Peer 1: 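This is the structure I have questions about; it appears just below.
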Amino acid sequence: MTAAPPAYDPQSIEAARQAAWSARDAFATPPAEGDRPRRYIKPSAPFTSGNIHIGHVRSYSIGDAYARFWRARGEDVLFAFGFDAFGLPAELGAIAGGVSPSEWVARCAHHMKDQLLRLGYSFDWHRAFLSSDPQMYRWSQWLFLILLDAGLVYRGTGAVDWCDTCQTTLATIQVEDGTCWRCHNPVRLIQRPQWNLRINPFLAENDSRMAELHESGVWDEVALASQRYVLGRVDGVELDLAENPATTEEHATAENPATATEPTAAEPSAAEPTTAEPTPGEPLTAFTPHPDAVTLARFVLISPKHPHIERFTHAPGVRERLEDLRSGGLERDARDADAIPLIDTHVTLRSPAGHEALPLLVSPVVDGRFGPTAVLGIPARDHADAMIATRLGLTVEGDEEAGADALVASHDGGGREDSSMEAPRAGVRGGACAGARSDGGVADGTSIDAIDGVRPAVRYRANDFSISRQRSWGTPIPIVYCQDQCGAVPVPMHELPVLLPLDLKPTGAGNPLAEREDFVATACPTCGGPTRRETDTLDCHFDALWLWLPVCVPPAERERTLEQILALEDLRAWLPCERVVAGSDSGNFVFDQRTVTKALRDIGPLAFLADGEPFAGCLFHEMVIRDGRKMSKHLGNVVDPDELVARYGADTVRLATLYAARPQRSLNWSDSAVLRCHRFLNQVWDFTHTRLAAPTIEPERDINEHLRSRLAKWCHTAVEKTTEEMAALEMHSAVRNVMRLFDRIKDYEKRVLARGQAMSEADRDSLLSALATLTQMLAPLAPHIAEELWIALGNSADTHLPWPGVSSQVPA
RNA sequence: GCCCGGAUGGACAAACUGGAAAAGUCAGCGGACUUAAAAUCCGCCGCCCACAGUGGGCUUGCGGGUUCGAAUCCCGCUCCGGGCACCA
């Protein structure tokens with residue numbers, strides 16, 4: 001008598017497999033040597049919140065399946081991550097818990113690691129890190145200094161919410177109905193210096209690389225779309241406008257005492273085609289996305305961040321109003337065209353399209369749509385322009401369409417067919433714009449053909465952004481302010497890292513870092529005189545610019561200087577990262593990482609990445625929602641992964657998140673996927689164990705040959721399809737195919753038994769071989785049960801399970 | 001306001017590139033096993049008409065269009081969700 005087959009007990013199976021993995025250090029990154037293919041798979045760096053939520057489970061289940069798949073295919077895989085540990089929520093968590101932020105994140109990271117271990121992800125924990133570790137945030141400081149030296153980090157000003165009572169800067173989420181979250185006193189906007197990151201010089205290249213990324217086939221369409229969105233490319237035309245002699249004529253002036261959100265860029269920007277220092281009287285280049293409506297312009301808008309803005313601030317009061325605009329903040333409600341700030345410069349411009357005196361107005365509305373440039377205001381074509389025209393008291397007869405028609409008639413016949421027959425947008429799409437985009441020239445038969453100096457042009461919405469924060473829990477900015485003559489002085493590279501005091505206890509009031517005399521007071525690196533350190537810290541977005549790099553460094557090399565690290569063979573061998581697997585909200589991070597990689601390539605440290613792309617491929621998955629809504633405590637619809645794991649085991653939970661939806665779609669949580677997957681794993685377990693123990697007979701003659709070959713064919717098809725799907729990160733289909741194969745195996749058995757009382761030796765061998773194939777394909781998706789079944793089927797689990805057809809096993 | 005998604009039985013959904021809509025799961029109903037319950041397993045399960053039974057018609061948010069053929073593509077709507085930069 002054989003003993004009853006063991007019941008499927010995920011808790012004990014998973015504990016046993018995890019212990020075995022840990023004992024043989026199964027997921028340590030192989031040294032980057034030899035000629036086996038190599039693949040760096042980058043999961044997202046989780047914010048160190050203290051809890052792995054179901055969204056993380058989805059993300060890491062996809063990435064882990066992919067990593068395990070390639071290991072099973074015989075490739076060397078780097079799969080590890082760092083915790084994104086700086087940031088406001090950590091500070092708030094520390095305040096709430098009455099501990100220091102460093103203690104708080106250490107505790108959170110520890111708990112999250114336990115959760116991830118319980119889920120059985122194949123991360124190389126030797127390479128995990130916290131971004132708040134000095135060894136790591138020195139990367140931020142180094143990067144800051146390198147970019148500062150290259151002129152890509154610069155000083156500007158910006159507006160922040162300020163609470164007078166608490167003497168502190170507030171983030172948007174700390175402002176509740178215009179009052180401070182802590183003391184509930186009113187909040188006001190103040191202007192203060194900020195450090196900014198310049199990205200303009202790299203926008204055109206980021207744009208031109210899009211085609212290559214698309215053709216590579218390893219960038220998911222959704223991920224590419226997000227890159228296009230962040231870039232914000234606008235096609236159109238530009239033309240040069242000449243400044244009329246100063247006039248004293250009083251123009252209609254916009255009411256709103258201006259508020260503008262972004263700090264100013266004093267230096268020329270790459271989006272502006274005129275790079276040489278302009279002389280007075282030199283023309284202003286203006287852009288419009290409406291090539292067929294150049295003649296319909298009624299005014300010109302210029303960004304307060306335009307590189308040549310100072311040329312147009314001579315009229316009385318303009319400079320002061322511009323300062324107001326820069327020091328204020330653009331309120332959320334003021335983004336609409338009817339409330340957007342406007343400053344009349346009292347300058348008028350002549351255009352080659354026949355205008356004699358287009359008024360020039362400063363408005364931050366330009367930045368949000370076209371970057372720091374100047375644009376034509378065309379009320380007939382643009383809703384926002386129409387509203388601005390109304391505020392300026394410019395006459396635009398009738399409704400938009402009729403007005404457009406009349407204006408076309410009075411200025412120029414060209415473009416009339418578009419404006420009178422179709423909606424404005426359709427006219428642009430079908431008109432000169434499309435021609436200009438496709439062949440780089442000006443299309444025939446349109447109005448711009450007739451106007452000299454009107455040429456195709458491109459603008460980008462993406463913009464420089466502030467990287468400094470008035471918070472204590474962040475990377476200290478390596479700058480000192482000398483109290484003698486030297487001014488702002490960068491801390492020398494060899495003095496890095498500038499250490500953040502670990503025992504800070506923020507309360508929400510003041511700036512704990514600025515109050516630490518032991519941190520603030522230091523000596524000037526240049527003159528040795530008394531100096532105070534910068535007390536702003538770097539935003540976590542800045543940390544994210546390098547977060548993809550340190551896992552490529554073998555742990556033993558971490559102590560080295562960054563110069564040495566960047567010269568490591570390992571680092572070069574693993575880069576570029578083969579695939580990023582992250583949430584679809586990571587578009588900005590990825591964009592900025594791509595941008596700064598190009599900067600570091602040009603400066604030198606990453607010169608070996610010739611195309612300046614840190615990531616060869618990218619998959620953005622959607623989030624897990626429930627009842628059609630984002631999960632939140634407030635809605636009470638949060639799914640707790642720990643609870644599910646305790647009940648069904650990690651394999652079931654992982655399989656369910658993979659199975660429930662294709663990665664690019666939101667996963668609307670329901671328990672049915674979990675129940676389905678749990679039942680499936682249960683059945684595979686029972687089926688395999690009972691068939692192993694099933695008796696066989698000696699048949700008089702072999703009557704099942706055709707059934708066996710049909711089963712072999714099914715296995716072959718399943719392997720073929722599943723291999724493709726795993727490589728393409730279509731885990732939902734892979735799971736379905738594995739389930740289908742199981743159904744076919746059961747069908748095979750049913751048919752064999754229908755033809756006789758029991759299986760022959762050959763019949764059973766076929767069955768077990770099919771089950772082995774199924775187990776191999778299940779391994780990346782539900783690794784614990786697969787490995788346990790693999791052992792039960794008589795194999796060794798001292799190495800990674802090979803993918804079907806892969807003979808050479810990879811020593812772990 | 002702007003941008004991006006989505007809408008398929010009582011519920012969650014599947015349908016890969018335009019080729020038999022509704023696989024699978026939950027709930028429900030019936031049965032097996034059990035002293036009983038839980039667990040597990042088996043059967044039924046979109047709507048309407050007809051029926052002893054076989055059958056016939058309709059159906060992918062709404063209205064149009066393209067096509068031999070549409071959940072899928074195009075145009076116009078409705079509703080829902082997400083994002084909009086000191087949260088990460």
Side-chain angles (χ1 to χ4, degrees), chain A residues 7 44-49 55 83-92 131 158-162 168-175 192 194 222 225-226 228-230 232 261-262 329-330 332-340 365 367-369 383-384 387 426 461-471 474 536-541 543-544 547 582-589 591-592 622-623 625-630 656 659-662 664-680 682-683 686 721 724-725 728 730 732-737 739-740 743:
Chain A
S44 58
F47 173 68
T48 319
S49 65
F83 286 100
D84 184 7
F86 278 136
L88 178 63
E91 231 171 274
L92 298 179
S131 65
V160 290
D161 285 307
W162 174 264
T168 192
T169 299
L170 299 174
T172 306
I173 56 163
Q174 293 176 297
V175 180
R192 55 155 299 138
Q194 298 281 358
V222 174
S226 89
R228 268 185 224 111
Y229 172 74
V230 176
T261 189
E262 302 278 337
L330 181 60
R332 276 189 185 212
D333 308 337
R335 280 186 296 201
D336 302 336
D338 54 355
I340 203 89
V365 74
D367 298 283
R369 300 179 64 193
H383 186 63
M387 299 190 78
R461 189 184 51 226
N463 232 318
D464 297 356
F465 53 91
S466 158
I467 53 172
S468 50
R469 297 290 182 267
Q470 293 74 58
R471 315 239 159 265
D536 278 9
T537 55
L538 290 167
D539 179 25
C540 338
H541 278 84
D543 297 327
L547 275 175
S584 58
D585 54 356
S586 314
N588 269 298
F589 283 103
F591 186 86
D592 296 336
E622 265 301 335
M623 58 182 153
I625 59 174
R626 191 177 190 182
D627 308 322
R629 302 292 306 273
K630 201 170 170 175
Y659 164 80
R662 103 169 15 127
Q664 294 87 339
R665 267 183 76 153
S666 353
L667 194 170
N668 195 0
W669 186 264
S670 80
D671 292 336
S672 68
V674 172
L675 292 166
R676 160 93 168 122
C677 291
H678 192 238
R679 180 176 301 187
F680 170 72
N682 248 311
Q683 290 180 346
D686 288 345
K721 293 198 75 164
E724 271 172 34
E725 286 156 359
E730 289 165 3
H732 62 298
S733 298
V735 177
R736 272 164 231 278
N737 269 314
M739 288 175 168
R740 189 168 306 164
D743 287 342

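Computed from a predicted model, the values in this text were never measured in an experiment. Quick note: numbers below take in every heavy atom, side chains included, and nothing from hydrogens, waters or symmetry partners. Within every chain, numbering begins at 1; the chains are lettered A, B, ... in the order of the sequence lines, protein sequences first and strands thereafter.
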Peer 1: How close or far is atom P of B:G1 from atom CZ of A:Arg369, stated in whole angstroms?
Peer 2: 16 Å

Peer 1: Considering only side-chain heavy atoms of A:Arg662, which listed nucleotide, B:G24, B:C86, B:C16, is closest?
Peer 2: B:C16

Peer 1: Would you mind pulling out the nucleotide paired to B:G1, Watson-Crick or G-U wobble, both distances under 3.5 Å?
Peer 2: B:C84

Peer 1: With respect to the side chain of A:Lys721, which nucleotide from B:C16, B:A23, B:A88 is positioned closest?
Peer 2: B:C16

Peer 1: Classify A:Gln174 by what it touches in the nucleic acid, base, sugar-phosphate, or nothing, heavy-atom distance under 4.0 Å.
Peer 2: nothing

Peer 1: Does OP1 or OP2 of B:A7 have a side-chain N or O of A:Arg665 closer than 4.0 Å?
Peer 2: yes

Peer 1: Between C1' on B:A15 and NE2 on A:His732, what's the gap in Å once rounded to a whole number?
Peer 2: 11 Å

Peer 1: Base, sugar-phosphate, or nothing for A:Glu91, non-hydrogen atoms under 4.0 angstrom?
Peer 2: nothing

Peer 1: Using heavy atoms to find the nearest nucleotide of RNA chain B for A:Ser670 and A:Arg629 separately, return the residue whose nucleotide is more 5′.
Peer 2: A:Ser670

Peer 1: Look at all strands and tell whether A:Ile625 reaches a base, only sugar-phosphate, or nothing, counting heavy atoms closer than 4.0 Å.
Peer 2: nothing

Peer 1: Considering all heavy atoms of both residues, which atom of A:Thr537 and which atom of A:Arg471 are nearest to each other, and what is their separation?
Peer 2: OG1-O, 2.8 Å

Peer 1: Under the 3.5 angstrom rule, does the side chain of A:Ser131 hit a backbone N or O of A:Ala85 as a donor-acceptor pair?
Peer 2: yes

Peer 1: Side chain of A:Phe47 only, heavy atoms from C-beta on: which candidate in B:A88, B:C3, B:C86 is closest?
Peer 2: B:A88

Peer 1: To the nearest Å, how far apart are A:Asp585 CG and B:C4 P?
Peer 2: 18 Å

Peer 1: Just N and O in the side chain of A:Arg679: are any of them under 4.0 Å from OP1 or OP2 of B:C26?
Peer 2: yes

Peer 1: Show your working on side chain to side chain contact (heavy atoms under 4.5 Å, CB included) between A:Phe465 and A:Gln194 and close with a plain yes or no.
Peer 2: CA-CA 10 Å; A:Phe465 53 91; A:Gln194 298 281 358; over 6 Å; no

Peer 1: Quote, to the nearest angstrom, the P distance that separates B:C84 from B:C74.
Peer 2: 28 Å

Peer 1: Which value, in whole Å, describes the distance between the C1' atoms of nucleotides B:U60 and B:C73?
Peer 2: 16 Å

Peer 1: Tell me whether the side-chain N or O atoms of A:Arg676 pair up with the base of B:C26 as donor and acceptor below 3.5 Å, since no angle test is needed here.
Peer 2: no

Peer 1: Does B:A7 have a Watson-Crick or wobble mate here (both distances under 3.5 Å), and if so which one?
Peer 2: B:U78

Peer 1: On the side chain of A:Glu622, is there an atom forming a donor-acceptor pair with the base of B:C4 - under 3.5 Å, no angle test?
Peer 2: no

Peer 1: Report the base-pairing partner of B:C47 (Watson-Crick or G-U wobble, both distances below 3.5 angstrom), or none.
Peer 2: B:G57

Peer 1: Which nucleotide in the set B:C41, B:C86, B:C26 lies at the smallest distance from any side-chain heavy atom of A:Leu675?
Peer 2: B:C26

Peer 1: To the nearest angstrom, how far is A:Asn682 atom CG from B:U40 atom P?
Peer 2: 8 Å

Peer 1: Write down the partner of B:G19 under the Watson-Crick or G-U wobble criteria, each distance required to be under 3.5 Å.
Peer 2: B:C68

Peer 1: Could you please name the option among B:C86, B:A14, B:U25 that lies closest to any side-chain atom of A:Ser672?
Peer 2: B:U25

Peer 1: Just how far, in rounded Å, is P of B:A39 from CG of A:Asp686?
Peer 2: 17 Å

Peer 1: Quick check: on RNA chain B, is the nucleotide nearest A:Leu667 upstream (toward 5') of the one nearest A:Met623, or the reverse? Name the residue that is more 5'.
Peer 2: A:Leu667

Peer 1: Roughly how many Å apart are B:U8 and B:A14, using the C1' atom of each and rounding to a whole number?
Peer 2: 10 Å

Peer 1: Sticking with atom C1', work out how far B:A22 lies from B:A13, rounded to a whole angstrom.
Peer 2: 9 Å

Peer 1: Counting distance only, does the side-chain N/O of A:Thr169 pair as donor-acceptor with the main-chain N or O of A:Trp162 below 3.5 Å?
Peer 2: no

Peer 1: Would a distance-only check, ignoring hydrogens and angles, find a side-chain to backbone donor-acceptor pair under 3.5 Å from A:Arg676 to A:Ala656?
Peer 2: no

Peer 1: A:Lys630 has an atom NZ; how far is it from atom P of B:G81, in whole Å?
Peer 2: 14 Å

Peer 1: Can you tell me, in whole Å, how much space there is between the P of B:C77 and that of B:A27?
Peer 2: 43 Å

Peer 1: Looking at A:Arg736 and A:Tyr659, would you say the former's side chain and the latter's main chain have a donor-acceptor pair under 3.5 Å?
Peer 2: yes

Peer 1: Rounded to the nearest 0.5 Å, what's the gap from CD1 on A:Ile625 to CG on A:Asn668? Could you check?
Peer 2: 4.5 Å

Peer 1: Whole Å only: how far is the CG atom of A:Asn668 from the P atom of B:G6?
Peer 2: 14 Å

Peer 1: What is the glycosidic conformation of B:G31: syn, defined as within 90° of 0, or anti?
Peer 2: anti

Peer 1: Separation of A:Asp592 atom CG from B:A88 atom P, in whole Å?
Peer 2: 14 Å

Peer 1: Take atom C1' in B:G10 and the same atom in B:C45, then report the distance between them in whole Å.
Peer 2: 11 Å

Peer 1: Using atom P of each nucleotide, how far apart are B:A23 and B:G43 to the nearest Å?
Peer 2: 14 Å

Peer 1: Heavy-atom count around A:Arg740 CZ within 6.0 Å, excluding the residue itself: above 12?
Peer 2: no

Peer 1: Taking the P atom of each, how far is B:A71 from B:A7, in whole Å?
Peer 2: 14 Å

